[in-house]
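One structure is given here, and the rest of the page talks about it.
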Protein chains: 2
Amino acid sequence: MVKRTSFEGDSCPIARSLEAIGDWWSLLIIREAMLGLRRFGEFQSKLGMAKNILSARLRSMVDHGILTTAPASDGSAYQEYVLTPKGRGTFPILVALRQWSEEFDDHPEEIATILVDSDKGRPVRKLELRAQDGRLLSPADTMLKPRPAPRRRSA
Amino acid sequence: MVKRTSFEGDSCPIARSLEAIGDWWSLLIIREAMLGLRRFGEFQSKLGMAKNILSARLRSMVDHGILTTAPASDGSAYQEYVLTPKGRGTFPILVALRQWSEEFDDHPEEIATILVDSDKGRPVRKLELRAQDGRLLSPADTMLKPRPAPRRRSA
DNA sequence: GCCATATGGTTTTATGATGCAACCACACAA
DNA sequence: TTGTGTGGTTGCATCATAAAACCATATGGC
């Protein structure tokens, strides 16, 4: 088989995420959904992507529990695609991608938008990773530990 | 042309990130590099990916300034691939992907590792997005604003 | 009712990307 | 010289993607 290697059974959580949203379009669809788009045609015209691909992606994300199809909203017999909590949970990923571009892109002047807090209208801070006790952590301050084995008996 | 649509000129910072690291393998390669892998063979055997694909990805990431080729280190006439600051800057993206799996994956018991702070050995907190004044922000507390036009004259 | 048009897709077909295996180049060792 | 390991490149089969055509169901005009 040549089967574009699936990460489904992989034990790495990053690989598992990529399995669901690691393709070209999914995160952009989620981004648009986060901004309020709901209808097939809206996504299609906004993103300019092929309709068959959009169709496949939407279905895949529905299967993964990232989107749900809501029956209507304006009566028009069609369905809408709305984010589930799992879908909205990708927000930090989108922000991280955005901030990475803002910080390291070779042509940051081409970036058209900035993310601000809607209350004050000022740019948000960089995402920060903290320890349980609140210390700010850099990559070097972290390490991976094997997950404790699930206790079978006393669950 | 069918040319797998490039996001290179896109003004959306998320699309721009995906252009560089939005494919199947790049983030996994970066993850391994973050853990200390450096040599072609190490990546290849650890990730189990085809050598030609690895070769293409490494070259692409070098072109994007995410990796650099260092001439040696153990004398063996070959080169090593090490992360640049831009490459290390993807850390929050990896953490965000990891945490999304941890929170929403259907089979979280299959996730083998947890990210801890190396000082205390305790799991890290969730990534948090804050406003300039320190308020914790949810997706709904944020909005996108057009970037202020670059002033040509008084730069 | 009848035709035109918009929406929301699916099907068809062509090409680029990926996966695998084979091959090549180089370094080093026996 | 031959052998072996590393670091790739090349060919070919298959998969995914893109573009466009096609289809089904409303909606609107007449």
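Keep in mind that the numbers below use all heavy atoms, side chains included, and drop hydrogens, waters and symmetry copies. These figures come from a predicted structure and were not determined experimentally. By convention in this document, chain letters (A, B, ...) are assigned in the order of the sequence lines, proteins followed by strands, and residues within each chain are numbered from 1.
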| message | Has R125(A) got a side-chain atom pairing as donor or acceptor with Q132(B)'s backbone, closer than 3.5 angstrom? | response | yes

| query | Short question: side chain of R135(A), backbone of R130(A) - any donor-acceptor pair under 3.5 Å? | reply | no

| task | Using a heavy-atom cut-off of under 4.0 Å over every strand shown, decide if Y81(A) touches base, sugar-phosphate, or nothing. | result | sugar-phosphate

| Does anything in residues 89-108 of chain B pair up under salt bridge (Lys or Arg N to Asp or Glu O under 4.0 Å), and if so which pairs, sequence neighbours excluded? | R16(A)-D105(B), R98(B)-E102(B), E103(B)-K126(B)

Distance check needed: [N] [atom2] versus [X] [atom1], whole Å only.
{"X": "E42(B)", "N": "dG8(D)", "atom1": "CD", "atom2": "P", "answer": "12 Å"}
{"X": "D23(B)", "N": "dT18(C)", "atom1": "CG", "atom2": "C1'", "answer": "11 Å"}
{"X": "L47(B)", "N": "dG7(D)", "atom1": "CG", "atom2": "C1'", "answer": "16 Å"}
{"X": "M49(B)", "N": "dT18(C)", "atom1": "CE", "atom2": "P", "answer": "9 Å"}
{"X": "K51(B)", "N": "dC20(C)", "atom1": "NZ", "atom2": "C1'", "answer": "11 Å"}
{"X": "L58(B)", "N": "dT9(D)", "atom1": "CG", "atom2": "P", "answer": "10 Å"}
{"X": "E19(A)", "N": "dA16(D)", "atom1": "CD", "atom2": "P", "answer": "11 Å"}
{"X": "L54(A)", "N": "dG9(C)", "atom1": "CG", "atom2": "P", "answer": "8 Å"}

Out of [options], which nucleotide sits closest to the side chain of [X]?
{"X": "R39(B)", "options": "dT6(D), dT10(C), dG8(D)", "result": "dT6(D)"}
{"X": "I53(B)", "options": "dT18(C), dG9(C), dA22(C)", "result": "dT18(C)"}
{"X": "F40(B)", "options": "dC20(C), dG9(C), dG7(D)", "result": "dG7(D)"}
{"X": "N52(A)", "options": "dA18(D), dG9(C), dG8(D)", "result": "dA18(D)"}

Answer yes or no: does a side-chain N or O of [X] lie under 4.0 Å from OP1 or OP2 of [N]?
{"X": "W25(B)", "N": "dA17(C)", "answer": "no"}
{"X": "R57(A)", "N": "dA16(D)", "answer": "no"}
{"X": "R59(A)", "N": "dT10(C)", "answer": "yes"}
{"X": "Q79(B)", "N": "dG8(D)", "answer": "yes"}
{"X": "S55(B)", "N": "dG8(D)", "answer": "no"}

| query | For V82(A), which fellow cluster members are found when Ile, Leu, Val, Met, Phe, Trp and Tyr are connected by side-chain heavy-atom distances below 4.5 angstrom, either directly or through intermediates? | reply | none

| In the hydrophobic clustering (ILVMFWY, side-chain contacts below 4.5 Å, transitive), which residues join V116(B), or is it alone? | M143(A), I114(B)

| query | Would D117(B) and R122(B) pass as an ion pair if we require N to O under 4.0 Å? | reply | no

Which donor-acceptor pairs under 3.5 Å do side chains of residues 84-95 of chain B form with protein atoms, sequence neighbours excluded?
{"residue": "T84(B)", "atom": "OG1", "partner": "G65(B)", "partner atom": "O", "Å": "2.6"}
{"residue": "T84(B)", "atom": "OG1", "partner": "I66(B)", "partner atom": "O", "Å": "3.1"}
{"residue": "T84(B)", "atom": "OG1", "partner": "K86(B)", "partner atom": "N", "Å": "3.3"}
{"residue": "T84(B)", "atom": "OG1", "partner": "G87(B)", "partner atom": "N", "Å": "3.1"}
{"residue": "K86(B)", "atom": "NZ", "partner": "H64(B)", "partner atom": "O", "Å": "3.0"}
{"residue": "R88(B)", "atom": "NH1", "partner": "L83(B)", "partner atom": "O", "Å": "3.2"}
{"residue": "T90(B)", "atom": "OG1", "partner": "G87(B)", "partner atom": "O", "Å": "2.7"}

Could you list the protein-to-nucleotides 3-5 of chain D atom pairs, N/O on both sides, closer than 3.5 Å?
{"residue": "dG5(D)", "atom": "N2", "partner": "Y78(B)", "partner atom": "OH", "Å": "3.3"}

Could you pull out every donor-acceptor pair under 3.5 Å between side chains of residues 46-58 of chain A and any protein atom, sequence neighbours left out?
{"residue": "K46(A)", "atom": "NZ", "partner": "E32(A)", "partner atom": "OE1", "Å": "3.2"}
{"residue": "S55(A)", "atom": "OG", "partner": "R59(A)", "partner atom": "NH2", "Å": "3.3"}
{"residue": "R57(A)", "atom": "NE", "partner": "D23(A)", "partner atom": "OD2", "Å": "3.0"}

